[in-house]
There are 2 protein chains.
Amino acid sequence: MQIKTDQLVELSEVFKLLGDPTRLRILLTCLEQEMTVGEIVTASEASQSLVSHHLRLLRAARLVKPRREGRHIYYRAHDDHIRCTLKDMIEHVQEEEDMV
Amino acid sequence: MQIKTDQLVELSEVFKLLGDPTRLRILLTCLEQEMTVGEIVTASEASQSLVSHHLRLLRAARLVKPRREGRHIYYRAHDDHIRCTLKDMIEHVQEEEDMV
DNA sequence: GCTAAATATGAATAGTTGTTCATATGTATA
DNA sequence: TATACATATGAACAACTATTCATATTTAGC
């Protein structure tokens, strides 16, 4: 498996972002539908400030994208690749659970 | 996307492990063939001690598995799921590169 | 413009993590 | 058993990160 160093670093940065449970939960919350920040706060059970900090990191890495609508900002997973990859991995984790 | 908290934590722990470039490089080095620790040290350009520390974490998370043969210990990615998932993501990163 | 609602930002901090250095353990061969 | 080789471990530390608290910004409606 050959990969250039900068691509490897880029990839590891994405993994690092997914490597925090709170942030992962935030991403999963808006994986398949748009969600306002407030809704994400409620669903993720994290503070408003923390959610906002994490969303900024996810945004910077293009893992989510925002859409403004009046006072609300809707977030959603950035693209299909992210959606598919994460769904696959979750399914895998859940299948393993069955085997135990 | 519904997922139990402990599964989410488990998943984020895997991502966290992949989230360090040195460790990711180590894993990729033994993704498709068995490699001795020494070979991994050379290929990853990290110190013997550091490689060993990282291998321990990867082992504990069942991302790699060791096989002893005399004085050498061969490591390899633990299973096909890990191999496939990582190969897919690397291909994706490399395709994105082409588009820029 | 003023107020309330929704979201973002900055500073501060406690806890974690990657790395190094020195040393230990295990294994083969002489 | 002594020596060399291969790998693992433990302590120590600097750098980083998640979180909180307080405050700022943006927007809508009055």
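The chains referred to below are lettered A, B, ... by the order of the sequence lines, with proteins before strands, and numbering in each begins at 1. Quick note: numbers below take in every heavy atom, side chains included, and nothing from hydrogens, waters or symmetry partners. If you're wondering where the values come from, they're calculated on a predicted model, not measured in any experiment.
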Distance, rounded to the nearest Å, where A/I40 contributes CD1 and C/dA6 contributes P
14 Å
Can you measure B/L58 atom CG to D/dA8 atom C1' for me and round it to whole angstrom units?
15 Å
Salt bridge or not for B/K87 and B/E32, using N-O below 4.0 Å?
yes
Do A/S47 and A/V41 have side chains that get closer than 4.5 Å, going by heavy atoms?
no
Of the nucleotides C/dT9, D/dT19, C/dG18, which one has an atom closest to the side chain of A/D20?
D/dT19
Given the options A/R59, A/E39, A/R67, A/Y75 meets side-chain hydrogen bond (donor to acceptor under 3.5 Å, both in side chains) only with A/R59
Verdict with supporting geometry, A/R76 and A/R83, side chain to side chain contact (heavy atoms under 4.5 Å, CB included):
CA-CA 10 Å; A/R76 193 184 179 210; A/R83 277 186 280 278; 3.5 Å; yes
Consider the side chain of B/L55, meaning its heavy atoms from C-beta on, and name the nucleotide among D/dA8, D/dA18, C/dA8 that approaches it most closely.
D/dA8
Check the distance between C/dG26's P and B/R67's CZ and give it to me in whole angstrom.
21 Å
On DNA chain D, check which nucleotide each of A/T22 and A/Q48 is closest to and give me the residue with the more 5' one.
A/T22
From the candidates C/dT7, D/dT7, C/dG18, the one with an atom nearest any side-chain atom of B/V37 is D/dT7
Using atom OH of B/Y75 as one end and atom P of D/dA6 as the other, report the distance to the nearest whole Å.
15 Å
Return the value, rounded to whole Å, for the distance between atom CD of B/E39 and atom C1' of D/dC5.
15 Å
Rounded to whole Å, please give me the gap between CZ in A/R71 and C1' in D/dA28.
5 Å
Consider the side chain of B/R23, meaning its heavy atoms from C-beta on, and name the nucleotide among C/dG18, C/dT7, D/dA18 that approaches it most closely.
C/dG18
Side-chain N or O of A/K16 less than 4.0 angstrom from OP1 or OP2 on C/dT17?
no
Report yes if some heavy atom in the side chain of A/R25 is under 4.5 Å from a heavy atom in the side chain of B/T5; otherwise report no.
yes
State whether A/S49 places a side-chain N or O below 4.0 Å from either non-bridging phosphate oxygen (OP1 or OP2) of C/dA8.
no
Rounding to an integer number of Å, can you tell me how far B/I26 CD1 sits from D/dA8 C1'?
14 Å
Heavy-atom nearest nucleotide on DNA chain C taken for A/L50 and for A/H72; more 5' hit belongs to A/H72
Separation of A/R68 atom CZ from C/dT7 atom C1', in whole Å?
7 Å
Nearest nucleotide by nearest heavy atom, which residue falls closer to the 5' end of DNA chain D, B/H53 or A/H53?
B/H53
